[in-house]
Amino acid sequence: MAISAGAKNANDAKGFDGDAFYRALETTVQARDVSWKEVSEATGVSASTLTRMAQGRRPDAASLAALSAWAGLNPSDFVNAPYRASQPEPMVQISSLLRADPALDAEAAEAVEAILRAAYERLKKPLK
């Protein structure tokens, strides 16, 4: 079954370049000198999904997340769209760092984030 041009353009409008993502993933696989089977085993992404990606199909969200984490790739780096933010909001960056801190459990990270968010909201300058 062929995909109509209209349907294909609707997907392309989201701006994700699956081919570029796959090329970056392939470069990582080659640089680490691992097989695609090893990638599948390490990430839980099926071999058939990896094969479909090699044929130009996009991965589902869970596979994209797993492969990105494994390769150290940021999926938003592969989005070319007018709505793309140049960088995340400061509190989003802080939250990510707190949740990644091995010295903090989830509850502690949330507590520190709440304190910082309150201070940030109180002290930030209004945007024009």
Side chains of S48 and T51, donor plus acceptor under 3.5 Å: no
With side chains defined as the heavy atoms from C-beta onward, is the minimum distance between S95 and R99 less than 4.5 Å? yes
Counting heavy atoms not belonging to R57, are there more than 12 under 6.0 Å from its CZ? no
Supply the atom-to-atom distance R23 CZ to T27 OG1, rounded to the nearest 0.5 angstrom. 8.5 Å
Validation row: F16, L64 side chains within 4.5 angstrom (heavy atoms): yes
Heavy-atom pair of closest approach, residues D101 and A103: OD1-N, 2.7 Å
Go through the steps to decide whether F21 and R58 satisfy the test side-chain contact (heavy atoms from CB on, under 4.5 Å), and finish with yes or no. CA-CA 9 Å; F21 179 81; R58 294 182 184 144; over 6 Å; no
What side chain to side chain donor-acceptor pair (under 3.5 Å) pairs are there with at least one residue in residues 117-126, not counting sequence neighbours? E113-R117, E121-K124
Quick check: closest heavy atoms across A47 and S40, and the distance to 0.1 Å? N-OG, 3.6 Å
Non-neighbouring partners of E26 that pass side-chain contact (heavy atoms from CB on, under 4.5 Å), sequence neighbours left out: Y22, Q30, W36
Please determine whether side-chain contact (heavy atoms from CB on, under 4.5 Å) holds for the pair L104 and L98, giving the CA-CA distance in whole Å, both sets of side-chain angles, and the decisive distance to 0.1 Å. CA-CA 7 Å; L104 299 173; L98 290 172; 3.9 Å; yes
Shortest non-hydrogen separation from F78 to A20 and the atoms involved: CE2-O, 3.5 Å
For N74, is the CG atom crowded, meaning more than 12 foreign heavy atoms sit under 6.0 Å from it? yes
Beyond-backbone contact of I94 with V112, side-chain heavy atoms, under 4.5 angstrom: no
Would you indicate whether the side-chain heavy atoms of L50 and V45 approach each other to under 4.5 Å? yes
Please list, chain by chain and in numerical order, all residues satisfying side-chain contact (heavy atoms from CB on, under 4.5 Å) with V34, sequence neighbours excluded. V29, R32, E38, V39, W70
Among T43, T49, L73, which residue meets the side chain to side chain contact (heavy atoms under 4.5 Å, CB included) test with L67? T43
